[in-house]
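Note sheet for the following structure.
Below, read A as the first sequence line, B as the second, and so on, with proteins coming before strands; counting in each chain starts at 1. As the structure is a computational prediction, the values presented were derived from the model and not from experiment.
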Number of protein chains: 2
Amino acid sequence: MTDPLTAQRPRPRKRPQQARSLATVEAIVEAAARILEAVGHGGFSTNAVAERAGVSVGSLYQYFPRKEALVGALIVREKNRLIEDARAAASRPAGTDALVAVIEACVGHQLRRPALARLLDFEEARLPFDAEIHRSAAALNTLVSGLLERPDLPRQPDTPTAAADLLAIIKGMIDAAGERGETGEVPLVDRVRRAVLGYLGAGA
Amino acid sequence: MTDPLTAQRPRPRKRPQQARSLATVEAIVEAAARILEAVGHGGFSTNAVAERAGVSVGSLYQYFPRKEALVGALIVREKNRLIEDARAAASRPAGTDALVAVIEACVGHQLRRPALARLLDFEEARLPFDAEIHRSAAALNTLVSGLLERPDLPRQPDTPTAAADLLAIIKGMIDAAGERGETGEVPLVDRVRRAVLGYLGAGA
DNA sequence: AGCGGAAGCGAGCGATCGCTCGCATCCTAG
DNA sequence: CTAGGATGCGAGCGATCGCTCGCTTCCGCT
């Protein structure tokens, strides 16, 4: 046993230094994603992930100190992809346009891998506190908060709460649609837009 | 092994016939609830549930053919409680009043045991098809669909979809609030009402 | 009282899982 | 070429878990 304060063993970001190790890490994370969305939490074992990734368990544990860290890395990867899209969407000049574009980004993201997205949303709430994950979540909230203060959108009494509510509405509606098997982006975006603008008090 | 078509082993509803066995079943279900909301899916073992309930594993398996059936019974119990409250709320004469009362019922239900409610929502989507669970879910949707056709609420192009959207909005907002640690019912109900009426196209 | 079914028990089987560790292999620098 | 660090390997340990089964105890009946 090493010093429990400083130790924590090699975390993934502990720089895989050669090209092949980077490929290994990516393969492991993607294998985790595939297994999670195929069979859910049951059957999601480190042995299964390693096999699917074509590496050994030993290699897996070189980059992820425990199973949870693997899920954490997956959450961060997916959330960062979403944030990237959302940031691009938010750059539109008009506030309403930007907001709708962010909705489109969320719908697109969640509809691309519905089972995975829904499962990771849940894991994010369940997993023990993780700094990097919280940072990602906060980034999305901050982005929406910024949008809400654009002059052409109705001012909200409590911007951060409103931003959190909007994200909850968006996530809730998309998850439910995904469960129902909905696959068409357009009508879903329409309905989410109605809900969001309705919440804000802006006429459609 | 018995006939796989008809058998399925004693299901819970297979009439516990004496008073003490009813108490046993209730103790098991409540123990399952307590463990789930305390530690989540990890650590939720049949051994742990039995111990917490003060019975033996053997007794547990007399009433629940497998672990999942226990979770299923818990889902049905909780959902039926919610539906009962919602039905009472929906009996109000004015459509808008009834809708707001249903929202209050949902908020009250979910805020009473937030972790449990959120986890069961997720399990409900994850678990294999179960007729009784689906019946409960459909009942809630039907109830809201009925509300949406009251004359004083704006007519929707697709009532069942609108009902599903509303329930998704409500569930999403409440879950998010619960995660954030919100405990006050009143402001949350207010915000959910704004989102719901906004979606429907009715002025607040 | 005493019988028979209902209810309850809990040691333990077989399987799985998270994770370790000693070692082989690959790559880069000098 | 060679040394040494980086990377990869996988058998297997220890623990846990779902679930069974042979048994005892309880209770309503006649």
Side-chain angles (χ1 to χ4, degrees), chain A residues 1-2 4 7-29 31-32 35-36 39-74 123 126-128, chain B residues 1-2 4 7-29 31-32 35-36 39-74 123 126-128:
Chain A
M1 188 71 70
T2 44
Q8 284 218 301
R9 250 199 304 180
R11 304 280 260 85
R13 310 295 164 231
K14 181 73 170 305
R15 306 203 96 200
Q17 298 177 354
Q18 302 178 0
R20 58 181 173 138
S21 67
L22 271 174
T24 299
V25 169
E26 179 49 32
I28 292 170
V29 173
I35 289 188
L36 272 180
V39 301
H41 222 147
F44 174 71
S45 71
T46 51
N47 290 330
V49 171
E51 190 182 0
R52 180 105 178 204
V55 304
S56 80
V57 255
S59 296
L60 188 155
Y61 276 92
Q62 290 223 336
Y63 302 103
F64 303 96
R66 54 215 121 95
K67 202 191 174 190
E68 293 168 345
L70 176 50
V71 181
L74 184 54
E123 289 299 303
R126 196 186 61 86
L127 279 175
Chain B
M1 184 73 71
T2 45
Q8 283 217 301
R9 251 200 299 181
R11 304 281 258 88
R13 312 295 165 229
K14 180 76 169 303
R15 308 203 95 201
Q17 300 178 353
Q18 303 178 1
R20 60 182 172 137
S21 66
L22 272 174
T24 298
V25 170
E26 180 48 35
I28 291 170
V29 172
I35 289 187
L36 273 179
V39 300
H41 222 148
F44 174 70
S45 71
T46 51
N47 291 329
V49 171
E51 190 182 2
R52 181 104 179 204
V55 304
S56 80
V57 253
S59 296
L60 189 155
Y61 277 92
Q62 289 221 337
Y63 302 103
F64 303 96
R66 55 216 120 95
K67 202 192 177 192
E68 293 168 345
L70 176 50
V71 182
L74 183 55
E123 289 299 303
R126 196 187 62 86
L127 279 174

Which residues pass the side chain to side chain contact (heavy atoms under 4.5 Å, CB included) test with V57(A), not counting sequence neighbours? T46(A), N47(A), A50(A)
Under the rule for side chain to side chain contact (heavy atoms under 4.5 Å, CB included), what residues qualify as partners of A23(A), not counting sequence neighbours? none
Residues that [X] engages under side chain to side chain donor-acceptor pair (under 3.5 Å), provided they are two or more places apart:
X: R126(A); result: E123(A)
X: R52(A); result: none
X: E51(A); result: none

What distance separates I35(B) CD1 from F44(B) CZ, expressed to the nearest 0.5 Å? 7.0 Å
Whole-Å distance separating the [atom1] atom of [X] from the [atom2] atom of [N]:
X: L60(A); N: dA11(D); atom1: CG; atom2: C1'; value: 17 Å
X: L22(B); N: dC27(D); atom1: CG; atom2: P; value: 14 Å
X: Y63(A); N: dC19(C); atom1: OH; atom2: P; value: 18 Å
X: K67(A); N: dC19(C); atom1: NZ; atom2: P; value: 8 Å
X: H41(B); N: dC17(D); atom1: NE2; atom2: P; value: 12 Å
X: Q62(B); N: dG22(D); atom1: CD; atom2: C1'; value: 13 Å
X: Y61(A); N: dG10(D); atom1: OH; atom2: C1'; value: 14 Å
X: Q18(B); N: dG5(C); atom1: CD; atom2: C1'; value: 9 Å

In numerical order, the residues of residues 43-57 of chain A whose heavy atoms come under 4.0 Å of DNA chain D are V55(A), S56(A), V57(A)
OP1 or OP2 of dC9(D) less than 4.0 angstrom from a side-chain nitrogen or oxygen of S59(A), does that happen here? yes
Closer than 4.0 Å, any side-chain N/O of S21(A) to the OP1 or OP2 of dA6(D)? no
Candidates dA6(C), dG8(C), dG18(C) - which lies nearest the side chain of T24(B): dG8(C)
Quick one: does L70(A)'s side chain get under 4.5 Å of Y63(A)'s, heavy atoms only? no
Go nucleotide by nucleotide along DNA chain C from the 5' end; which of G58(B) and R20(B) gets its closest nucleotide reached first? R20(B)
